[in-house]
Participant: 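Dropping a structure here in structure tokens format, bear with me for questions.
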2 protein chains.
Amino acid sequence: MPDLLTIGELSARSGVAPSALRYYERLGLIRADRTGGNQRRYARAELRRVAFIRISQQVGVSLDEIREALDSLPEARTPSPQDWARLSASWRSRLDERIRLLSRLRDDLDGCIGCGCLSLQRCTLNNPEDTLAGEGPGARLVLPRPTDDPTLASSLN
Amino acid sequence: MPDLLTIGELSARSGVAPSALRYYERLGLIRADRTGGNQRRYARAELRRVAFIRISQQVGVSLDEIREALDSLPEARTPSPQDWARLSASWRSRLDERIRLLSRLRDDLDGCIGCGCLSLQRCTLNNPEDTLAGEGPGARLVLPRPTDDPTLASSLN
DNA sequence: GTGTGAGTTGAAGTGGACTTCAACTCAAGG
DNA sequence: CCTTGAGTTGAAGTCCACTTCAACTCACAC
């Protein structure tokens with residue numbers, strides 16, 4: 001019934017390096033039982049956690065946020081399919097947003113390639129939310145990572 | 001005709017911090033003239049470079065690769081719209097690939113949420129290239145970042 | 001029992017992309 | 001002229017997600 005996995009087995013089955021698994025454990029993302037000789041033994045359920053972690057990273061979520069999400073799982077019992085579904089659904093909007101952003105970038109890039117502007121001068125890239133037209137003339141860059149500068153303005157050429 | 005920008009101006013117009021602009025310069029991504037007093041003065045064309053850098057980062061390209069791309073621009077003359085178009089087009093397939101991956105993740109996640117498996121047990125997440133079915137029974141994770149482990153196998157439950 | 005490959009630890013190192021700091025110098029308005 | 005905000009430098013620091021290392025110990029097939 002237990003059927004525990006060694007760190008090497010979990011690593012092989014998840015595609016995550018043992019060192020990374022130990023790291024995840026230190027961060028409180030996964031847990032392991034120990035043998036008498038202090039070696040880790042993972043319940044099969046941990047495989048799901050590792051899967052969730054890797055998927056979440058793909059969506060662009062930090063390990064810290066992933067930990068928070070995993071903390072919301074019931075401790076008493078093995079998480080149910082519904083528990084996992086709830087967690088997965090919680091990333092859905094971020095995934096949508098990320099896809100939307102990249103698709104837009106692609107479209108804009110196509111447009112820019114067509115006209116050769118690329119400079120973001122006229123294309124929608126300038127106005128991430130399409131709502132900044134009032135703040136002075138000209139272009140504004142998309143801010144990929146958190147940047148807190150709302151005072152950008154003016155044209156490129 | 002020159003109409004040069006100070007680092008503060010370039011920062012404001014690009015949304016990139018001055019420290020980052022200096023960093024880009026150290027890496028050879030952008031360049032600046034100097035005043036008699038050793039202050040940077042940027043030609044307007046640098047704004048395009050910064051735009052290209054930020055767009056490229058969005059696509060998931062490292063600064064090192066961006067530098068290589070920028071190095072392919074003509075040094076003698078100000079890059080033409082065609083030059084920029086060529087560079088932008090060079091990221092297009094990476095952008096497509098990234099979008100494809102995320103879209104697929106979304107679809108799979110939807111499926112998993114529906115069935116509650118999330119564990120990647122049966123869904124396509126397991127087989128990134130749809131071609132690994134022969135290598136032993138069971139699941140395989142998508143490998144988001146370079147991982148060189150082709151020996152993963154077995155089921156999740 | 002012994003050899004070997006797998007596992008253990010804490011500490012330190014890596015790489016990417018910047019930011020912060022201290023100690024200065026410049027540029028421009030009043 | 002003088003003040004003040006903007007700019008300069010190199011070195012060091014930060015954050016994230018790990019990896020590497022040395023020095024051991026375990027587990028298990030023979």
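Residue numbers start from 1 in every chain, and the chains themselves are labelled A, B, ... in the order their sequence lines are given, proteins ahead of strands. Owing to the predicted nature of the structure, the values given are computational and were not obtained by experimental measurement.
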Participant: Round to the nearest Å and state the distance from A:Leu21 atom CG to C:dG7 atom P.
Facilitator: 10 Å
Participant: Starting at the 5' end of DNA chain C, which residue's closest nucleotide do you reach first, B:Gly37 or B:Ser62?
Facilitator: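 Taking each residue's closest nucleotide, the earlier one in sequence belongs to B:Ser62.
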Participant: So does A:Glu68 get a backbone contact from the side chain of A:Asp71, meaning a donor-acceptor N/O pair under 3.5 Å?
Facilitator: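 No.
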Participant: Nearest-Å distance, CG (A:Asp64) to P (D:dC18)?
Facilitator: 13 Å
Participant: Any side-chain heavy atom of A:Leu87 within less than 4.5 Å of one from A:Ser72?
Facilitator: yes
Participant: Send over the distance from B:Tyr23 OH to D:dT14 P, rounded to a whole Å.
Facilitator: 17 Å
Participant: Can you find a side chain N or O atom of A:Thr35 that sits less than 4.0 Å from OP1 or OP2 on D:dA27?
Facilitator: yes
Participant: Strictly below 4.0 Å: does A:Arg67 bring a side-chain N or O up to OP1 or OP2 of D:dC16?
Facilitator: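 So the side-chain polar atoms of A:Arg67 never come under 4.0 Å of the phosphate oxygens OP1 or OP2 of D:dC16.
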Participant: Do the non-hydrogen side-chain atoms of A:Ile66 and A:Leu63 ever get within less than 4.5 Å of each other?
Facilitator: yes
Participant: To the side chain of A:Tyr24, which of C:dC18, D:dG7, D:dC18 is closest?
Facilitator: D:dC18
Participant: Using a cut-off of strictly less than 4.0 Å, decide whether B:Gln39 has a side-chain nitrogen or oxygen near OP1 or OP2 of C:dC24.
Facilitator: no
Participant: So does B:Arg40 get a side-chain nitrogen or oxygen closer than 4.0 Å to the phosphate oxygens (OP1/OP2) of D:dT8?
Facilitator: yes
Participant: Taking the side chain as C-beta and beyond, is there a heavy-atom pair between B:Leu73 and B:Trp84 under 4.5 Å?
Facilitator: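 Counting from C-beta outward, B:Leu73 and B:Trp84 do come under 4.5 Å.
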Participant: A:Ile66 CD1 to D:dC16 C1': how many Å, rounded?
Facilitator: 12 Å
Participant: Could you check how far OH of A:Tyr42 sits from C1' of C:dA6, rounded to whole Å?
Facilitator: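 For the pair A:Tyr42 OH and C:dA6 C1', the rounded distance is 13 Å.
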Participant: Whole-Å distance between C:dA12 C1' and A:Arg22 CZ?
Facilitator: 16 Å
Participant: Would you mind reporting whether A:Thr6 and A:Arg40 have side-chain heavy atoms less than 4.5 Å apart?
Facilitator: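 They are not in side-chain contact.
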Participant: Could you check whether the rings of A:Phe52 and A:Trp91 sit parallel, tilted or perpendicular, using 30° and 60° as the cut-offs?
Facilitator: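 Parallel: the ring planes of A:Phe52 and A:Trp91 meet at under 30°.
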Participant: For the residue pair B:Asp96 and B:Ser93, confirm or rule out a side-chain donor-acceptor distance under 3.5 Å.
Facilitator: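 Side-chain D/A pair, B:Asp96 to B:Ser93: absent.
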Participant: Taking the minimum atom-to-atom distance to the side chain of A:Asn38, which one of C:dT9, C:dA27, D:dT19 wins?
Facilitator: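 Given the options C:dT9, C:dA27, D:dT19, the side chain of A:Asn38 is closest to C:dT9.
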Participant: Check this one for me: any side-chain N or O of B:Arg26 less than 4.0 Å away from OP1 or OP2 of D:dT8?
Facilitator: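 Indeed not, no polar side-chain atom of B:Arg26 lies that close.
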Participant: Below 4.0 angstrom from OP1 or OP2 of C:dC26, is there any side-chain N or O of B:Arg34?
Facilitator: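 Negative; the distance criterion is not met.
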Participant: For A:Leu63 and D:dT19, give me the distance from atom CG to atom C1', rounded to whole Å.
Facilitator: 14 Å
Participant: For B:Arg41 and for B:Ile53, locate the closest nucleotide of DNA chain C by heavy-atom distance; then report the residue assigned to the nucleotide nearer the 5' terminus.
Facilitator: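 Result: B:Ile53.
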Participant: Take the C1' atoms of the five end pairs on each side of the helix from C:dG1-D:dC30 to C:dG30-D:dC1, get both axes, and report the angle to 10 degrees.
Facilitator: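 It works out to 0° between the end axes.
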Participant: Answer whether the closest heavy-atom distance between the side chains of B:Ile7 and B:Glu25 falls below 4.5 Å.
Facilitator: no
Participant: Could you give the CG-to-P distance, from A:Asp33 to D:dC26, as a whole number of Å?
Facilitator: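 In whole Å, D:dC26 P and A:Asp33 CG are 18 Å from each other.
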Participant: By nearest atom, which of the nucleotides C:dA17, C:dT8, D:dG7 is closest to the A:Ile7 side chain?
Facilitator: C:dT8
Participant: Any side-chain N or O of B:Ser19 below 4.0 angstrom from OP1/OP2 of C:dT20?
Facilitator: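 Looking at the OP1 and OP2 atoms of C:dT20, neither is under 4.0 Å from any side-chain N or O of B:Ser19.
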